[in-house]
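Below: the structure, in structure tokens.
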Number of protein chains: 2
Amino acid sequence: MSQLSHDILQAFAPILTQRTMAKNERLHEAGRVGNRLYLVESGLLRAYYLLDGRDVTAHFATAGESVTAPDSFLRCQPSRYYIEALADSQAYVIERQDLEDYLDRHPEYERLARLYTEDLYMDLLRRSESMTFLSAQERYANLLNDRPEILEFAPLGHVASYLGMSQETLSRVRAER
Amino acid sequence: MSQLSHDILQAFAPILTQRTMAKNERLHEAGRVGNRLYLVESGLLRAYYLLDGRDVTAHFATAGESVTAPDSFLRCQPSRYYIEALADSQAYVIERQDLEDYLDRHPEYERLARLYTEDLYMDLLRRSESMTFLSAQERYANLLNDRPEILEFAPLGHVASYLGMSQETLSRVRAER
DNA sequence: GACGCTTTTTGATCTAGGTCAAAGGATGGC
DNA sequence: GCCATCCTTTGACCTAGATCAAAAAGCGTC
């Protein structure tokens, strides 16, 4: 876990609740407002959305990472995302409202929250640039290098949509052809 | 301009400096640490990087938007990005160090800075998802819909790389074939 | 340990979009 | 106004990766 994630857990401990999820448990449904951020302790969570009826993985979160339905958590809109557990998992949960209230009382943690958001921005930027001009082979290689645990635990189809390619292509790429 | 951008200008007025850029002026060079955020008043700025010697546009900023070299501004690393003006432009400039110092003295603005970062995150998320599974045609249509001023002022090649397609493809897509 | 269900692989074909090359159009400097 | 340079279009061809279909491999369950 990064220093930053660690600091977040410490700072926001008073408003964290702990939750245990079984494999295949759904934590959030599209269409609803779900103002929760999950800070994963163990296991594997996934956010996804439907595009023309197809399941597209938007994000994976393993130990030390976080996941939410960003349109809901950041904008309070009904969400386009689903969140589910891909393995038995444990996570700390933060409610958006609790977060705002807590930060009202403890403005000294605003900076930490901003730095965390900046970090998430950088992660997304990396991902976004990788999607723009890299080949299927290269995107796979990057993921294998950066987050091998995802390839180990997530079903191939979920990883393929996360990497913006078909399941068949990922299967072939992985077999090195 | 969004309410948020407006609030940012107000809140950080004491540390803003104004800068005028001529068309084709380079504001930042890759390889250097450049801790400046540009809040565009008028004109058009572009951030780009080189991938195998090819110029790839990472970001455009028109009036009310902002641009920086994120790896430098957020992580203080030598940057992979160049920033240049695509038209005669005006922008307010914030130095990262000034920002941090100012926020030390005015922690009441930390929240605003966080909300602004969250907004940038949502913008990037939109872009990132559009790159993952939309066709060249659809990505072009989205840009035309969301930010027509870019298509109006930026050279085709820069827009094409921003949309993750070749210049020839963008030319054809635009001519509706 | 056989049966169903899900996940992954493999093969055959098709197509969106890339690459290469060249011709037109604009634009700015002098 | 003329030339050089840059930007955009057009055409011909090619390839990465999609789609469709089916076989094979896992794996939970009774």
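Just so you know, these numbers come straight off a predicted model, no measurement behind them.
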Here the distance between atom C1' of dG18(C) and atom CD of Q137(A), to the nearest Å, is 18 Å

Among the nucleotides dT19(C), dT10(C), dG17(C), whichever has the atom closest to the side chain of S171(A) is dT10(C)

One would report the end-axis bend of the helix from dG1(C)-dC30(D) to dC30(C)-dG1(D), five pairs per end and rounded to 10 degrees, as 50°

Whole-Å distance, R139(B) CZ to dA16(C) P, equals 13 Å

Salt bridge (Lys or Arg N to Asp or Glu O under 4.0 Å) filter on D104(A), not counting sequence neighbours, yields R111(B)

Could you check whether Y102(B) and F12(B) have their ring centres less than 6.0 Å apart? yes

note: L134(B), atom CG; dA18(D), atom P; distance rounded to Å ~ 14 Å

The correct set of residues in residues 143-168 of chain A placing a heavy atom under 4.0 Å from DNA chain C is P155(A), L156(A), G157(A), Q167(A), E168(A)

Closest non-hydrogen contact found for L120(B) with Y121(A) is O-CE1, 3.6 Å

Picking from dT19(C), dT19(D), dG17(D), the nucleotide nearest the side-chain atoms of R172(A) would be dT19(D)

Report yes if at least one side-chain N or O of T169(A) is closer than 4.0 Å to OP1 or OP2 of dG17(D); otherwise report no. no

Taken to the nearest whole Å, CG/L170(B) to P/dT10(D) is 13 Å

Indicate yes or no: does D101(A) engage R96(A) in a salt bridge with an N to O separation below 4.0 Å.
no

Aromatic ring proximity Y48(A)/Y82(A), centre distance under 6.0 Å | yes

Atom OH of Y140(B) and atom P of dG17(C) are separated, to the nearest Å, by 15 Å

For nucleotides 25-30 of chain D, give me every protein contact, N/O to N/O, under 3.5 Å, one pair per line with atom names.
none

Of the listed dT9(D), dG11(D), dT10(C), the closest approach to the A175(A) side chain comes from dT10(C)

Atom CZ of F133(A) and atom C1' of dT19(C) are separated, to the nearest Å, by 13 Å

- Please assess E129(A) against T132(A) for the test side chain to side chain donor-acceptor pair (under 3.5 Å), listing each intermediate value before the final yes or no. CA-CA 5 Å; E129(A) 292 190 355; T132(A) 309; over 6 Å; no

- request: Ignoring backbone atoms, test whether R54(A) places a side-chain nitrogen or oxygen under 4.0 Å from the OP1 or OP2 oxygen of dT19(D).
  value: yes

Ion pair R46(A)/D55(A), N-O distance below 4.0 Å = yes

Sequence neighbours excluded, the answer for salt bridge (Lys or Arg N to Asp or Glu O under 4.0 Å) partners of R114(A) is E118(A), E100(B), E110(B)

* May I ask you to verify if any side-chain N or O of R174(A) is less than 4.0 angstrom from the OP1 or OP2 atom of dT9(C)? => yes

Hits for salt bridge (Lys or Arg N to Asp or Glu O under 4.0 Å) against R105(A), two or more places apart or cross-chain, chain-then-number order -> none

Ring center gap for F60(A) and Y162(A) short of 6.0 angstrom: yes

Under 3.5 Å, is there a donor-acceptor pair linking the side chains of Y116(A) and S66(A)?
yes

E138(B) atom CD is separated from dA18(D) atom P, nearest whole Å, by 14 Å

Should the heavy atoms of other residues, nucleotides or ligands under 6.0 Å from NE2 of H106(A) be counted, would the total exceed 12?
yes

